[in-house]
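Note that these values count all heavy atoms, side chains included, but never hydrogens, waters or copies made by symmetry. From a predicted model like this one, the values you see are computed outputs, not experimental measurements. In what follows, every chain begins at residue 1, and chains take the letters A, B, ... in the order their sequences are listed.
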Amino acid sequence: MGREITIFQFRRWLLAYAARIIENESHLTELDTAIGDADHGVNMRRGMEKLQERLQEDAQTEDIGTFLRSVAMTLISAVGGAAGPLYGTFFLRAATSPTNGRSVDLIQLTQMFRYGLDGLQQRGKAQADDKTMIDTIQPAVEAMEAALAARQSAAVVLAAARQAAHLGMKHTIEIEAKKGRASYLGPHSIGHQDPGATSAYFLFETAAEALTTFNSSGNSSERAA
Amino acid sequence: MGREITIFQFRRWLLAYAARIIENESHLTELDTAIGDADHGVNMRRGMEKLQERLQEDAQTEDIGTFLRSVAMTLISAVGGAAGPLYGTFFLRAATSPTNGRSVDLIQLTQMFRYGLDGLQQRGKAQADDKTMIDTIQPAVEAMEAALAARQSAAVVLAAARQAAHLGMKHTIEIEAKKGRASYLGPHSIGHQDPGATSAYFLFETAAEALTTFNSSGNSSERAA
Amino acid sequence: MHSFMNTPGSAITQSLRGMALCHPDIIQVHFDPDFVERVAPTQAGKVAIVSGSGSGHEPLPIGYVGFGMLDAACPGPIFTSPSPIQLLAAVHSVDQGGGVLFVVKNYSGGVLNAELTIEMALQEGIDVRSVLVNDDVSIPIVANRRGLGAAALACKIAGAAAESGYSLDAVVDVTRRAIAASRSMGVGTNVNTLPRNGRGVNLADDTIELGVGIHGEPGEVRSVHQGVPEIVGMLIQPILDDLPYAADDRVLLLVSGMGGTPPLELYLFSEAIHELLSAHQIRVERQLVGNYLTSLGRGGYTTTLMKLDNELRDLWDAPVHTPALHW
Amino acid sequence: MHSFMNTPGSAITQSLRGMALCHPDIIQVHFDPDFVERVAPTQAGKVAIVSGSGSGHEPLPIGYVGFGMLDAACPGPIFTSPSPIQLLAAVHSVDQGGGVLFVVKNYSGGVLNAELTIEMALQEGIDVRSVLVNDDVSIPIVANRRGLGAAALACKIAGAAAESGYSLDAVVDVTRRAIAASRSMGVGTNVNTLPRNGRGVNLADDTIELGVGIHGEPGEVRSVHQGVPEIVGMLIQPILDDLPYAADDRVLLLVSGMGGTPPLELYLFSEAIHELLSAHQIRVERQLVGNYLTSLGRGGYTTTLMKLDNELRDLWDAPVHTPALHW
Ligand SMILES: Nc1ncnc2c1ncn2[C@@H]1O[C@H](COP(=O)(O)OP(=O)(O)O)[C@@H](O)[C@H]1O
Ligand SMILES: Nc1ncnc2c1ncn2[C@@H]1O[C@H](COP(=O)(O)OP(=O)(O)O)[C@@H](O)[C@H]1O
Ligand SMILES: [Mg+2]
Ligand SMILES: [Mg+2]
Ligand SMILES: [Mg+2]
Ligand SMILES: [Mg+2]
């Protein structure tokens, strides 16, 4: 099953995610300008700045469940809009999956993403092809499960997730929105990439980077570039 | 003293004036856009359309005093803004000057303009060089008086009035407004021609045309071009 | 367009402080998490009414806090629904043991945040319910219909019911009935501005947009040369078609500017609406014309009809004392 | 910008009809000549208060017709004062034998039309007086100072005085005192539109105009980067400098949007105004924040301070029931 993924890596992952989102704020807002209310980048940046503050704190002693719950509460309180409760629910539910306290193995990691996806789907009631973040997250989690079943390494599993997430995100360009603000545009929403599907892609992109590079330290001076 | 000027000519004059103003509506509004509230053309056209209606009526029997009073009331009720009461007062006061009932001689005509000017000045309390219609009307009336004193013909007297009115109107470009909305601009009002001075010029331009061409009929099919 | 709201965080905080300073007898503001609460004392056991909304729709929701209407309102960032943290803080502050009702406009963000909050509150044993406002007939899929003017009306009805001692169940029922009796449609004219990112969408002089939302969501572009009665027909007919209407039906008419449309124009349209309704023998029994649900400085307005019965009319007429409604 | 008010004649007529339909219990409208009259019965001998104004400043003047404020209002075309014919018809309709007071904003048109009307009325033996509202401190020549927010305040003070039985002389005196105690200043932000001729003046995103009027009159252009407190300082300081103010002076604060500025921004500025006044130890005893004197959809607002004494405060507090003010 390879090395376990520690809470330090989780922390690195979310720091990388926050940085990636902040870099892409205006891109996300542009996407939301075309088919929404022009705030997805603003919302996510607001949440990510709070997340960065949160991630400066006490990663030394927490277990993964507590850590993910606090990430969830940070997103819920700071992102706002639709994305806040959705990402928040993803992490809240991921936190309820089994861990080894301060680390997870690849099976547990995959299960964690599945728990998150199921929670997000219950919360938002969106299906695949509704043109939401589900179109990124669902194929990514399915790709993880398939790669895991094929007994691939963590690096391969997460690379598969990233690739499926990317395809899913791009697929949102072609489809009509059925959920969220973009649905008000009906067929006019076709031709535009969904902002939430895009911010969700970065979750898998940064996971593939941070969860597969191992290092044992987790002190707070360490920041993802 | 030459031929008397009849009520039919007064009627032709005011029809010509109404037509000239309507032709120049957008010009007058443009001037008022630069230094006022962009409505002088609109105001004057509204008044002139009512005046045209009024001038379709019973010119056959009225005396000049009654006629001018009714012109005044039409302008007062339909022009609005500052120009309505000012032009209205001009004609109200002109109506109180001596006439021969249905005609005036050149002395009476000149006096009529003087009465009108004095009334307008009492009403508006503007002086020469305040950048208002006074800057057109006052030199025009003074030119009439001078030409009359020099025993000129009606044609010469009215041509002198027109020329002085034109110079007065152009002079408003060079001066700073002290009355009316343009005064809010202070020195920034310099360089723009006053809209009211411009509409007042047309009064003398059309007077020089209509009050010196004699024809005896005054039926309502006859309209100034 | 320039806007001083460009820096949402601090500007909204200052704006909230300004509201409290200007209406100290009616509202008080709490920060971190942000919510606004009524000053008037409430009866123990009274159902508390709470509404959250993105900012930029003023007077909704804060202008509706006060006696006879909302017990608390939670303002989010511009056009972004407030967080469960804010909603839960408001619940803690206003619950009198009679339970709490959330009046929620049907947008993903509003709904999801309310649901999360309700789960949290239930875990603490507080009975929080929600009603969804979904009056916008311009959306073909009924489940996706947005909340427009009926949000203000629902807050008034719920507040009056709560004030006069209805139980939580009864408040929920009558508010749902009020919403079910309401239909709305928006029209956008000229400039639509989302000041946060400096973007302004300028429509040509001779076009309107039918079915716009209150967050800058575009509608269907039409030429304006069709004239006021035609535009009013395009707005009102879909409303009338969506609920069975019969001669002598009584309605509450709300014509709300989106912010950038002068009152003169709102009254111009109101006159044409009255004319059209009277041609259908529908009686305007109550009405409200003004800026009651805005979209920052956007040009345009929304029209809402709520079919009235005696109970709804009496709840509408019940005394109210808020910054925006007072009788 | 598109505007449905482009064809002033008929649009204003329809808009007036709309106002009357929407407030049938408060106002009634007469056409040809156009004026709006209050419905509430008046005491015989009560001084009647009348105000005329160009349209486009709503709610001024029609929104102020009703118990405790105006007996009649005469709307002119957009930004153009009404004619003596309208004013005289209003006088005939509302005079109860106690005389009539015109509240006149100091613009050539308004003043000249009022004077002409007063001459006509005096010839008929009706005692009509006028008070000039000239609160705009941005105009250096005092005689030319425009009427801004103090127009709404003067109508309230005059109306309350008349309602409580003051004689014509006494109404004139107290209204003059209210105006003399008032100073205003306007600031324009972003878009300024004169829809009649389709002209829109767009300021750059980062500029404001200090000392703008309510008819699109431009002000002095300044960069906006100076921030809210600085802008508020530039607005309030000239007001404070123009009347002697001492610590513990009490004021009525009016912050009126010009139409295109969202409430959020008005409250943002109000907060900074409160802060500045409290630094000067000036007490805001009463206040009004909202759209009370507009300039069609223009962005910006005017700030008015009226120094209060007990009489003025009590007249301000006296009951009023109009479309725009109600307490
Ligand atoms: N019901 C839903 N289920 C899943 N994702 C959703 C749902 N509704 C909206 N979203 C996602 O949320 C994104 C918009 O987020 P954001 O702009 O932050 O919130 P808002 O729509 O409230 O302005 C959409 O692009 C979409 O991916
Ligand atoms: N006090 C005054 N005396 C003489 N003319 C005046 C006075 N005030 C304004 N005017 C004239 O009126 C003109 C403006 O008329 P108009 O635009 O119709 O009215 P308003 O200024 O009310 O919009 C000015 O150009 C000026 O010539
Ligand atoms: Mg969005
Ligand atoms: Mg003008
Ligand atoms: Mg949003
Ligand atoms: Mg004018």
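- Among all heavy-atom pairs drawn from A/Tyr184 and C/Asn144, the shortest one is CE2-O, 3.3 Å.
- Nearest heavy-atom pair, A/Ser77 versus C/Ile85, reported as atom, atom and distance to 0.1 Å: CB-CG1, 3.0 Å.
- At a 4.5 Å heavy-atom cutoff, the contact between C/Leu112 and chain A is made by backbone and side-chain atoms alike.
- Remark: C/Ile78 CD1 to A/Asp37 CG distance equals 11.0 Å, nearest 0.5 Å.
- The environment of NE2 in C/His30 is crowded: more than 12 heavy-atom neighbours from other residues, nucleotides or ligands sit within 6.0 Å.
- The shortest side-chain heavy-atom distance between A/Lys179 and C/Ser108 does not fall under the 4.5 Å cut-off.
- In this structure, chain C has a heavy atom under 4.5 Å from the side chain of A/Leu185, while its backbone stays farther away.
- Heavy-atom proximity under 4.5 angstrom to chain A picks out C/Asn113, C/Glu115, C/Leu116, C/Glu119, C/Met120 from residues 113-126 of chain C.
- Looking at A/Ser26, neither its backbone nor its side chain comes within 4.5 Å of chain C, counting heavy atoms on both sides.
- When each of A/Gly81, A/Ala126, A/Gly180, A/Ala82 is scored by its heavy-atom pairs under 4.5 Å with chain C, the top score falls to A/Gly81.
- For the pair A/Val79 and C/Thr80, the tightest heavy-atom approach, listed with the atom from each and the gap, is O-CG2, 4.3 Å.
- Chosen from C/Arg145, C/Arg146, C/Glu220, the residue pairing most often with chain A at heavy-atom distances under 4.5 Å is C/Arg146.
- Enclosure of atom CD in A/Gln163 is not indicated, since only 12 or fewer non-hydrogen atoms of other residues, nucleotides or ligands lie within 6.0 angstrom.
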